Amino acid sequence: MAFPAVRRGRRQPVEPVVLVTVLLVAGALWLFIVNPLFQVMKQSVMTPEGISFQAYWDVVASERILRIFGNTLVLCTTVSLIATAIGFLFAYTVAYVQVPLKGLFRALAILPVVSPPFLVSLSAILLFGRTGLITRGLLGMENANIYGFGGLVLVMVLTEFPVTFLMLIGLLQNIDVSLEEAARNSGATRWQVFRTVTLPLLLPGLANAFLLVFIQALADFSNPMVIGGNYMVLAVQIYQQAIGGYDLQGGAAVAVLLLLITVAVFTLQRYWLAGRSYVTVTGKPARERTQVRDPWVVWPLFAIVSLLTLVVIAMYALIPINAFIKLWGINWSFTLDNFKYVLGLGMKPIYDTTRLALISMPISGLLGMVIAYLVTKKRFFGRGVMEFVAMLSLAVPGTVIGIGYILAFNKPPLVLTATGTILVLAFVFRNMPVGIRSGIAALQQIDPSMEEASINLGATTQQTFVKVMLPLMGSAFFSGLLYSFVRAMTAVSQVIFLVSAKYNLLTVAILNQVDVGRWGYASAYSTVLILIVLVVTVLLALILRLFGIRTSISDL
């Protein structure tokens, strides 16, 4: 039994190790991604009378749903473009330009990743709301309104641009210096080199970053719930129909719209990049890149990045500050009661979340790199389907994934509800697509001759992957590990229906405190969460550095 592969006109069998790996990965993807979504789709058409597609007809005929569909497209496109541009600006400045405070920029660019996304919305309200420190305290505005489209773009861009930064910084650092120097020596200006050499080589990373942000913006419901106001999007509509209105059929039907958008964006991305070569990592020795020192480049970029950094600092400074305040806006007195509660009675959510996130992190990171390696460097039947299915979990709102897991794993032969296992699985298969996209973008820059040389010297496929390919994918591997851990620590929508009395998660505890108006407790929880993520991030970078794997924060 072998999946045939076509290469240079001949049919070649897949290696046994690759075949077994493909079968195992395909089985896991079917069981933990396709099956839960199938259960949701099945639920959407099943009625006491039999199969009915009335829910889908209601979606098509609803002017409100079509308006929400348009809102979602506009919001996601706007957020993706701005977040990708800002992430690239940060990455280019850190990698190419001789500016001061690089370590600060690099650290603060990662900071928005390490907190629950809805806390950015809460910080925005405290800064720019009707009683905001900036709008009312500094500018004297009485009726400032942060709710709606503008507020959503602000908080979602701040939440998502670090993902693009983490993806692009590694790619920029890996571009062969000799290519750009050759263009400069031929008389090209710095702008011409950027436009004709650097930018084309970054197209896979830019497209992948745009795709990831677009999909995540589609699935985000916490920010629209907190700060969206009257600007309704599909993810919130699904949540309100499936949960608030007890209309699981209607919510699942609306979820199909998200899948259609994802398929369209994914197909466009693959078509746009098809047939182009982006190899820059060839195994040949490369010189150190000469940093840009032209004042007309350095200082404008420094000013823009510094301004954006100040915005990030302002947004996140409120979280620890509010943790030491008795009651925001009413009683400004200093207190330690919030931390006494969190580190005393409230320790269980911290312990449960950290333990489950640490368990899921290596599984998600390694699985992402394995899938990226398979779909990029190996040829087998169903390769495109594997890549699409692996990315599918990001296309669906987390609430739908949570409902799907409940429907799929609450009966024999696999009963997982109310266990830690179902939470770990939700973390792994929800978060690994970032590692996959980062790995694919990195692998597209690695010359195939490096892999072939290893195999010709007698190394097996698994040895080549571990000793040659994985170290070259260091930044992508680190991005996948970091992202999977952080998103597990800050997960909301996909786990809100999976928590139990035995396993209570930190973000759910924060939301519970927010619901009852205990902002101090919520901020204290969030401060502890951020500290845990920062500590794990630094430790992870140090561990990978010991193994010779370069990471995007290795110079911090």
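Values reported hereafter were calculated over all heavy atoms of this structure, with side chains retained and with hydrogens, waters and symmetry mates removed. One is the number of the first residue; the rest follow in order along the sequence. Computed from a predicted model, the values in this text were never measured in an experiment.
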Which residues pass the side-chain contact (heavy atoms from CB on, under 4.5 Å) test with [X], not counting sequence neighbours?
X: Met232; value: Arg64, Ile68, Val236, Gln237, Gln240
X: Trp191; value: Thr189, Phe194, Arg195
X: Leu37; value: Ile33, Leu392, Val396
X: Leu154; value: Phe128, Ile146, Leu158

Subject >> Pairs meeting criterion salt bridge (charged side-chain N to carboxylate O under 4.0 Å, His left out) with involvement of residues 203-217, two or more places apart >> reply: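 Qualifying pairs: none.
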
**OP:** Only pairs at least two apart or in different chains count here, so list each salt bridge (charged side-chain N to carboxylate O under 4.0 Å, His left out) that has a residue in residues 293-306.
**Re:**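 Output for this query lists Arg190-Asp294.
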
Would you please name every residue forming a side-chain hydrogen bond (donor to acceptor under 3.5 Å, both in side chains) with [X], sequence neighbours left out?
X: Ser121; value: Asn223
X: Thr309; value: none
X: Thr376; value: none

**OP:** Please name the pair of heavy atoms, one in Ile319 and one in Ser123, separated by the smallest distance, quoted to 0.1 Å.
**Re:**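 Scanning both residues completely, I find the closest heavy atoms to be CG1-OG, 3.9 Å.
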
Qualifying residues under ring-ring contact (aromatic ring centres under 6.0 Å, His included), relative to [X], sequence neighbours excluded:
X: Trp299; value: Phe302
X: Phe32; value: Phe409, Phe429
X: Tyr373; value: Phe465

Original post:
Do other residues, nucleotides or ligands put more than 12 heavy atoms under 6.0 Å from the CZ atom of Phe210?
Top reply: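 It does: Phe210 CZ has more than 12 such atoms within range.
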
Original post:
Do Lys378 and Val22 touch side chain to side chain, with heavy atoms closer than 4.5 Å?
Top reply: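 Contact flag for Lys378/Val22 side chains = no.
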
